[in-house]
2 protein chains.
Amino acid sequence: MGANKIKGAALSLFAERGYDGTSLALIAEQIGIKKQSIYAHFKGKEDLFLSLLTETFTIELKREEQFLEHYYTSSLDAFLKASLASFLSRYNHDSRLKFWLKNTFLPPIHLYDQVNAQLNRYIHDVESLYIKRFETAVSKQEIAMNPQQANLAFSALLDSVAVELIYGDQQRAVTKMEASWNIYWQGLIATNSDFERGR
Amino acid sequence: MGANKIKGAALSLFAERGYDGTSLALIAEQIGIKKQSIYAHFKGKEDLFLSLLTETFTIELKREEQFLEHYYTSSLDAFLKASLASFLSRYNHDSRLKFWLKNTFLPPIHLYDQVNAQLNRYIHDVESLYIKRFETAVSKQEIAMNPQQANLAFSALLDSVAVELIYGDQQRAVTKMEASWNIYWQGLIATNSDFERGR
DNA sequence: GTCTATATTCGGATAGAC
DNA sequence: GTCTATCCGAATATAGAC
C-alpha cells in the first residue's frame with residue numbers, strides 16, 4: 001500500500017529532523033511522488049504524524065510485553081541487561097525509538113497536549129509491566145527492595161542512555177551505560193538488608 | 001539595552017517552543033516591538049539563537065565552577081545531593097536550563113553541527129570539573145571507586161532528572177531522583193572493597 | 001491514486017523614513 | 001533604534017484533470 005511507503009519515509013524523517021524540520025515535500029521526494037499525493041492517504045501533516053505516534057506506542061508496548069514474556073524465566077539481572085542492550089540496539093536499527101524520543105521531548109506546540117497524553121499513557125503502561133517483573137524478583141528473593149523504587153531507578157538508566165544516544169556519541173553511551181549499570185546493580189544488592197529489616 | 005530585552009524574551013520562548021516553533025514576530029510581540037526592529041540588534045534569527053546558546057554555555061559553565069568551589073569543603077554526598085537539588089530548582093526558576101536541554105536534543109537541522117559542537121565542549125568541560133571532584137573524594141577516602149565511572153553514573157542521574165522535568169511531571173521527577181540517588185549512593189559505597197583490591 | 005495548477009498563509013529578511 | 005512598506009521563499013492545503 002502507498003500509505004505504508006509514506007509512513008516509512010515520514011517515520012525516519014520525523015525521527016531525524018523533527019516535525020517542523022520535515023516538510024511534506026521532503027517526505028514525498030524520498031519515495032518519488034509529489035507532496036500533493038500524500039493527501040490521498042492522510043488528511044494532512046498532523047494526521048500523518050499522529051497516526052505514526054499512535055501506531056508507534058502501540059507497537060512499542062506490544063514489543064515490551066513480548067520482551068518480558070521472553071525473559072520471564074531469566075534472572076532479574078539478565079533480563080535488565082537484555083533490556084538495556086535491546087534499547088541500544090533498536091536505536092540504531094529502527095527509527096521508531098528515535099522518532100518518539102525526539103518528538104515527545106520537543107513536540108510541535110500545537111500538538112503538545114495530544115503528544116503528551118499518549119506519552120504518559122505509554123509510560124504508565126510500560127511501568128506497570130516492569131513493576132510486576134520487579135515484584136516477581138522480590139517474591140523469588142532475587143532482590144529485597146521496594147519494586148517501585150527499583151523500577152524508577154532502572155528507568156532512569158534507560159533515560160540516560162536515550163540522552164547519550166541522541167547526543168550522538170555511541171561509545172560514550174555504552175561506557176556510561178555500563179558504569180551506571182554496575183553501580184545500579186551493586187546498589188540494588190546492597191539495599192537488601194535494609195529492606196529485610198523493614199525500612 | 002534593547003538587545004537584552006530581546007534576548008530575555010527569546011530565551012524563554014525558545015525554551016518552551018523550540019527554534020522552529022518560535023517566530024521573530026512572537027518574540028517581538030512579547031516586548032512590544034515589531035519583528036523588524038530585532039534586525040537592529042541581531043543579524044537574524046540564527047544569530048540571535050546562537051548568541052543565546054554560546055552565552056548560555058558560558059554562564060552555565062561558570063556557574064558549575066562556582067558551585068564546585070562553594071561546596072569544596074563539603075562531603076561528596078552533600079555536594080552531589082546539592083547538585084541534583086540545584087538542577088531541579090533551576091529548571092523551574094530559570095529558562096536557561098530548559099533552553100539548552102530542549103534545543104540540543106532536537107536542534108534545528110541547519111544548525112545541528114554548531115549546536116552539537118558547543119554542547120560537546122560544554123559536556124567535556126563540566127565533566128573535567130566533576131571528575132576532579134570525584135578524584136578528591138577518592139584521595140580523601142570518601143569513596144574508593146574509579147572516578148570516571150562514578151562521574152558517568154552520576155551524570156546519568158542528571159540526564160534522567162532532565163528527561164522527567166521536560167516530560168512535565170514534577171512530582172515524578174523528584175520521586176525518581178530520590179530512588180535513583182539512594183541506589184546510586186549505595187552502589188558507590190558497595191563498590192569500595194572491589195576497588196581497594198585493585199579490580 | 002497521482003498528477004498539474006493554484007490558493008493562502010506565514011516567516012525571515014531588506015529598504016528607507018523618522 | 002524603531003517604525004511602515006515590501007519582497008521573497010517555503011510550506012500546507014485544495015480543486016480538478018487523467
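Letters A, B, ... mirror the listed sequences (proteins, then strands); counts begin at 1.
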message: Need the bend value for the helix from C:dG1-D:dC18 to C:dC18-D:dG1: angle between end axes, 5 pairs each end, nearest 10°.
response: 0°

- request: Would you mind reading off the distance between A:Asn4 atom CG and C:dG1 atom P, rounded to a whole angstrom?
  value: 12 Å

statement: Applying salt bridge (Lys or Arg N to Asp or Glu O under 4.0 Å) to B:Lys35 and not counting sequence neighbours gives none

field: Residue pairs fulfilling salt bridge (Lys or Arg N to Asp or Glu O under 4.0 Å) with at least one residue in residues 81-95 of chain B, sequence neighbours excluded
entry: B:Glu60-B:Arg90

query: Between A:Lys45 (NZ) and D:dA13 (P), how many Å, whole number?
result: 8 Å

Result block: side-chain N/O donor-acceptor pairs under 3.5 angstrom for residues 20-28 of chain A, not counting sequence neighbours:
| from | atom 1 | to | atom 2 | distance (Å) |
| --- | --- | --- | --- | --- |
| A:Thr22 | OG1 | A:Leu13 | O | 3.3 |
| A:Thr22 | OG1 | A:Gly18 | O | 2.7 |
| A:Ser23 | OG | A:Leu26 | N | 3.1 |

field: Residues in contact with DNA chain D, drawn from residues 8-32 of chain A - heavy-atom cutoff 4.0 Å
entry: A:Thr22, A:Ser23, A:Leu24

Could you pull out all donor-acceptor pairs under 3.5 Å where a side-chain atom in residues 118-127 of chain A meets a protein atom, sequence neighbours excluded?
| from | atom 1 | to | atom 2 | distance (Å) |
| --- | --- | --- | --- | --- |
| A:Gln118 | OE1 | A:Thr54 | OG1 | 3.4 |
| A:Gln118 | NE2 | A:Thr54 | OG1 | 3.0 |
| A:Asn120 | ND2 | A:Asn116 | O | 3.2 |
| A:Asn120 | ND2 | A:Asn116 | OD1 | 3.4 |
| A:Glu127 | OE1 | B:Arg172 | NH1 | 3.1 |
| A:Glu127 | OE2 | A:Asn151 | ND2 | 3.3 |
| A:Glu127 | OE2 | B:Arg172 | NH1 | 2.9 |

Atom pairs, N/O to N/O, protein against nucleotides 4-8 of chain D, distance under 3.5 Å?
| from | atom 1 | to | atom 2 | distance (Å) |
| --- | --- | --- | --- | --- |
| D:dA5 | N6 | B:Gln36 | NE2 | 2.6 |

- prompt: Got a sec, which hydrophobics cluster with A:Leu106, joining ILVMFWY side chains under 4.5 Å apart, including via others?
  reply: B:Leu106

message: What is the separation between atom CD1 on B:Ile109 and atom C1' on D:dA10, rounded to the nearest whole Å?
response: 13 Å

message: Could you see if A:Phe154 belongs to whatever hydrophobic cluster contains A:Leu129? Use Ile, Leu, Val, Met, Phe, Trp, Tyr and a side-chain cutoff under 4.5 Å.
response: yes

query: Between A:Glu46 (CD) and D:dT12 (P), how many Å, whole number?
result: 11 Å

- prompt: Could you state the CZ-P distance from B:Phe42 to C:dA13, rounded to the nearest angstrom?
  reply: 13 Å

statement: For A:Glu64, the side-chain hydrogen bond (donor to acceptor under 3.5 Å, both in side chains) test, sequence neighbours excluded, returns A:Tyr130

query: Given a cutoff of under 4.5 Å between side-chain heavy atoms of I, L, V, M, F, W and Y, with clusters grown through shared members, what are the other residues clustered with A:Leu152?
result: none

- request: Mind calculating the distance between NE2 (A:His110) and P (C:dG11) to the nearest angstrom?
  value: 12 Å

statement: residues 40-59 of chain A vs salt bridge (Lys or Arg N to Asp or Glu O under 4.0 Å), sequence neighbours excluded, gives A:Lys7-A:Glu55, A:Glu55-A:Arg96

- request: Calculate the interatomic distance between B:Ile33 atom CD1 and D:dG1 atom C1'; express it in whole Å.
  value: 9 Å

query: For A:Asn182, which residues count as a side-chain hydrogen bond (donor to acceptor under 3.5 Å, both in side chains) partner, sequence neighbours excluded?
result: none

query: Just how far, in rounded Å, is C1' of D:dT12 from CG of A:Asp47?
result: 14 Å

- request: Side chain of B:Ala40 only, please: which of D:dG1, C:dT14, C:dG1 is the nearest?
  value: D:dG1

- prompt: What do you reckon, are the aromatic ring centroids of A:Phe42 and A:Phe49 less than 6.0 Å apart?
  reply: no

